[in-house]
*Asks:* 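Dropping the structure in here first, questions after.
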Amino acid sequence: MRIVILPTAGEAVERAVDLIAAQLRAVPHSVLGLATGGTMEPVYDGLIRRHRAGLEFAGATTFNLDEYVGLGPDHPQSYAHYMRERLFRHVDIDPANCFVPSGLGDPAASADAFEALIAGRGALDLQLLGLGANGHIGFNEPGSSLGSRTREKLLSPDTIEANRRFFAEGETVPETAVTMGIATIREARSILVLATGHRKAAAVRAMAEGAVTAFCPASILQMHPQVQVVIDAEAASELALKDHYLRAEEIQSAREARR
Ligand code: GLP
């Protein structure tokens, strides 16, 4: 894991935007795995700004991590709606190449269809991941099989609570979601994790320095050879080896600057 600690959330977001933009410039036909949640909102704002400055999305294909079961693409809290409003309709991507699991119909059929679509496009080039405060990735909650494929998952009470802020008062937060599996995520060629704020500090530590365990699904990323974890100082605050990561990054970025 390459752990990049930046002083502020704004700088962490900007670095994530840089990395996604660099991927698209290097491989215009990239297959990107995308994430939702509050952390990603400024990332999509940044990508829209880059698009206005010339970054093209026309060749890209995207697969989103997850979708709430029961919410159709026009529901304002669905992730399909989130992606359309926050990114897709602002850039030159072909909507026919933007895939979000369907929250409607039979969840098992939706999951299988999504998994087949990803397989049909080959591997994901870059998977963007946020981090749940309980260590979830996508909606793979603690206890998820580390070998799982796309399927329906029951959300933990913590996650339902954390995501309630996005729903109107009195509205019910769905209890299940269709999510890419952990094995599906692991097959991405490279992975970028973005986490900011104190609320994520314990999960960041468990992900990067804890045991590899289904209790913290993100910890499986320790087994992946191409992972960058971009975090701000608050999210890094519980890391035991923080000084080591800072020093390693200083050396690494000096080397990159010389190339
Ligand atoms: C959500 C999403 C995840 C996201 C995470 C963190 O429930 N399913 O993909 O990364 O939880 O969300 P936030 O960025 O709002 O903290």
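One-based numbering, in listed order, for ligands and for the atoms of each.
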*Asks:* Atom CZ of residue position R15 - does it have more than 12 heavy atoms of other residues, nucleotides or ligands inside 6.0 Å?
*Replies:* no

*Asks:* Suppose I only count heavy atoms of R199 and a 4.0 Å limit; which atoms of ligand 1 are within that range?
*Replies:* 16 (O)

*Asks:* Look only at the side chain of S78 and the backbone of G72, and say whether a donor-acceptor pair between them is shorter than 3.5 Å.
*Replies:*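 Yes; judged by distance alone, with no hydrogens or angles, the pair exists.
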
*Asks:* How close does the nearest protein non-hydrogen atom get to atom 1 (C) of ligand 1, and which residue and atom is it?
*Replies:*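 Result: H136 NE2, 3.7 Å.
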
*Asks:* Quick one: look up the protein heavy atom nearest atom 15 (O) of ligand 1 and list residue, atom name and how far away it is.
*Replies:*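 Here the closest protein heavy atom is G38 N, 2.8 Å.
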
*Asks:* Tell me the protein heavy atom at minimum distance from atom 12 (O) of ligand 1, and give that distance in Å.
*Replies:*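 Minimum-distance protein heavy atom for atom 12 (O) of ligand 1 reads G37 CA, 4.0 Å.
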
*Asks:* Please list the nearest protein heavy atom to atom 8 (N) of ligand 1 with its residue and the distance rounded to 0.1 Å.
*Replies:* D66 OD2, 2.9 Å

*Asks:* Using side chain to side chain donor-acceptor pair (under 3.5 Å) as the criterion, point out the one residue from E152, K153, R151 that pairs with T176.
*Replies:* E152

*Asks:* Heavy-atom pairs closer than 4.0 Å: do any link ligand 1 to the side chain of N163, the backbone, both, or neither?
*Replies:* side chain

*Asks:* Could you tell me which residues satisfy ring pair (Phe, Tyr, Trp, His ring centres under 6.0 Å) with F166, sequence neighbours excluded, listed by chain and number?
*Replies:*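 With sequence neighbours excluded, F166 shows a ring pair (Phe, Tyr, Trp, His ring centres under 6.0 Å) to no residue whatsoever.
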
*Asks:* Taking the six-membered ring for Trp, are H51 and F57 parallel (under 30°), tilted (30 to 60°) or perpendicular (over 60°)?
*Replies:*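 If you compare the ring of H51 with that of F57, the planes turn out perpendicular.
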
*Asks:* Enumerate the atoms of ligand 1 whose separation from the nearest heavy atom of G130 is less than 4.0 angstrom.
*Replies:* 10 (O)

*Asks:* Can you tell which of G138, A35, A162, A218 gets a heavy atom nearest to atom 3 (C) of ligand 1?
*Replies:*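 Going through G138, A35, A162, A218 one by one, G138 has the nearest heavy atom to atom 3 (C) of ligand 1.
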
*Asks:* With side-chain contact (heavy atoms from CB on, under 4.5 Å) as the test, pick out the partner of L194 among D232, V13, I20.
*Replies:* V13

*Asks:* For K200, take its heavy atoms, then give the atoms of ligand 1 lying under 4.0 Å from any of them.
*Replies:* 6 (C), 13 (P), 14 (O), 16 (O)

*Asks:* Which residue and non-hydrogen atom of the protein lie closest to atom 6 (C) of ligand 1, and at what distance in Å?
*Replies:*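 For this ligand atom, the closest protein heavy atom is L131 O, 3.6 Å.
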
*Asks:* Just by modelled atom types, is the Y82 backbone N or O under 3.5 Å from a matching donor or acceptor in the E85 side chain?
*Replies:*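 Pair absent, no side-chain N/O of E85 close to backbone of Y82.
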
*Asks:* If you measure from each non-hydrogen atom of T179 to ligand 1, which part falls under 4.0 Å: side chain, backbone, both or neither?
*Replies:* neither

*Asks:* If we set the cut-off at 4.0 Å for heavy atoms, which region of M40 has an atom near ligand 1: side chain, backbone, both, or neither?
*Replies:* neither

*Asks:* For the pair E187 and R149, find out whether any cationic side-chain nitrogen is under 4.0 Å from an anionic carboxylate oxygen.
*Replies:* yes

*Asks:* Is ligand 1 under 4.0 Å from a heavy atom in the side chain of R165, in the backbone, in both, or in neither?
*Replies:*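 Side chain only.
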
*Asks:* Inspect the surroundings of CD in E41 and state if more than 12 heavy atoms from other residues, nucleotides or ligands are less than 6.0 Å away.
*Replies:*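 Yes.
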
*Asks:* Kindly confirm or rule out an N or O of F139 lying under 3.5 angstrom from an N or O of ligand 1.
*Replies:* no

*Asks:* So which protein heavy atom does atom 14 (O) of ligand 1 come closest to, and at what separation?
*Replies:*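 Going by distance alone, atom 14 (O) of ligand 1 is nearest to T39 OG1, 2.5 Å.
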
*Asks:* Which residue and atom name correspond to the protein heavy atom nearest atom 4 (C) of ligand 1, and how close is it?
*Replies:* T36 O, 3.8 Å

*Asks:* Only one of Y79, F88, F63 passes ring-ring contact (aromatic ring centres under 6.0 Å, His included) with F99; say which it is.
*Replies:* F63

